[in-house]
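Notes for the one structure printed next.
Throughout, residue positions are numbered sequentially from 1 according to the sequence presented.
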Amino acid sequence: MYMRKLIPLVLCLIVCSLSVSGQNNRKRKAPVKARNPNSEFLDKQWWLGFKAGVNLSKAVVDQSYGVYSPTNYEASETDKTYDDWSGVGAHATVEITFTFRQFSLSVQPTYRSSKFAYSNHYEWDDDEIPQLILDYKQEQKVDWAEFPLLFRYDITQSKLRPYVQIGAYYAFLINANKSVQTSGIDYASGSENKFTEPDIIVGASDLFAKNHWGLIFGGGVNYHVGNIRLNLDIMYRKGMSLVNSTENRYGNPRLAGTGDVMDDIKLNNIAVSLGCLFPMRFLSSGFQSIDKR
């Protein structure tokens, strides 16, 4: 009689124990929350766009050369005077960028037209009495096809994204032109006779190297409007090889006759660009590439 009453009580305790154990197991094995698929999509993206802007150049002299060889004073007195960062050039770029989270690798084929100028000053005298003064101003306009490869890091992942970048470029010469302005003072007649010659404009592609390379440092900011990136970009190019031709230094007799021969120079450049980039991967027609994480 006693055992009949005890058996239902034992069964009840076993059922309650299994129920509590099952609840504890369910708490320990709670499923991990799935990641937002939009976040996985935004981790990787291809961008295609166009940008254009202006640039300024500075010539860095490795070795000076001249047409005239002075006999009674130092040759350095005839060195050219360069107008740094004075000539405004223009450029246009197609940008192809792959982005992974905050890192980007970018190829940016560019057509770049740059300008730089220098001047020469010569004096001839007889017993310290001036006889002739000549001034030449030479301006070079050079067009290149450039192929930069850039590594970029986004400082933030907000709608407004500043970034820093570093890379290198290789450039091929397309065309070059040179203009020469000549002026002076002639004292041979016994009075001061100022004169100005007509400008000389010639093709000068032979005076420049067919290719050169350099390093790139810079930064900028991207601003997201829907699926589109508006871009402000600043690049500093540091030339690492000569942009002039060492073989054809004296190859143009017309320019040599005006007192012009190019130095060995490398070209540094600052470029500012505005552009627009479009993502090449979409989840749907209504998907926006920002603020969906």
Using the side-chain contact (heavy atoms from CB on, under 4.5 Å) definition, which of the options I96, L149, T97 pairs with L105? L149
Qualifying residue, where the test is side-chain contact (heavy atoms from CB on, under 4.5 Å) with V221 and the options are I155, L232, T156: L232
Path from [X] to [Y] over hydrophobic side-chain contacts below 4.5 Å:
X    : Y    : result
Y136 : V202 : yes
L277 : V107 : no
V142 : V60  : no

Where [X] and [Y] come nearest, the two heavy atoms and their spacing:
X    : Y    : answer
S114 : N269 : OG-ND2, 3.6 Å
D206 : N248 : O-ND2, 3.0 Å
A59  : I265 : CB-CD1, 4.2 Å
F208 : A204 : CD1-O, 3.3 Å
G239 : N268 : N-OD1, 3.1 Å
I216 : P148 : CD1-CB, 3.7 Å

Side chain of [X], backbone of [Y]: donor and acceptor closer than 3.5 Å?
X    : Y    : value
D84  : S57  : no
S205 : A176 : yes
Q165 : G218 : no
N244 : M262 : no

Beyond-backbone contact of [X] with [Y], side-chain heavy atoms, under 4.5 angstrom:
X    : Y    : answer
D135 : N120 : no
Y163 : N231 : yes
H91  : M235 : no
L207 : S245 : no
L215 : M240 : yes
K266 : L242 : yes
V61  : K80  : no
W144 : N211 : no

Side chain to side chain donor-acceptor pair (under 3.5 Å) between T196 and S183: does it pass, once the steps are laid out? CA-CA 4 Å; T196 301; S183 61; 5.3 Å; no
Does the side chain to side chain donor-acceptor pair (under 3.5 Å) test come out yes or no for Q108 and S106, once each step is laid out? CA-CA 6 Å; Q108 301 184 14; S106 182; 3.0 Å; yes
Report the distance from atom [atom1] of [X] to atom [atom2] of [Y], rounding to the nearest 0.5 Å.
X    : Y    : atom1 : atom2 : answer
Y118 : K137 : OH    : NZ    : 12.5 Å
I234 : S273 : CD1   : OG    : 9.0 Å
Y82  : D263 : OH    : CG    : 3.5 Å
F278 : R229 : CZ    : CZ    : 13.0 Å
F147 : T110 : CZ    : OG1   : 9.0 Å

Show, in sequence, the C-alpha distance, side-chain angles and deciding distance for E146 and R237, and conclude whether the side chain to side chain contact (heavy atoms under 4.5 Å, CB included) test is met. CA-CA 11 Å; E146 289 186 353; R237 291 173 172 83; 2.9 Å; yes
Please determine whether side chain to side chain contact (heavy atoms under 4.5 Å, CB included) holds for the pair F195 and L134, giving the CA-CA distance in whole Å, both sets of side-chain angles, and the decisive distance to 0.1 Å. CA-CA 10 Å; F195 63 91; L134 287 176; 3.6 Å; yes
Show, in sequence, the C-alpha distance, side-chain angles and deciding distance for K58 and L56, and conclude whether the side chain to side chain contact (heavy atoms under 4.5 Å, CB included) test is met. CA-CA 7 Å; K58 175 184 177 181; L56 301 172; over 6 Å; no
Is the Y153-F151 ring centre distance short of 6.0 angstrom? no
How about Y223: does its OH atom have over 12 heavy atoms from other parts shown lying under 6.0 Å from it? no
Step by step, work out the side chain to side chain contact (heavy atoms under 4.5 Å, CB included) result for N222 and R152. CA-CA 12 Å; N222 288 317; R152 179 184 299 167; 4.2 Å; yes
NZ/NE/NH1/NH2 to OD/OE distance under 4.0 Å, R249 and D264: yes
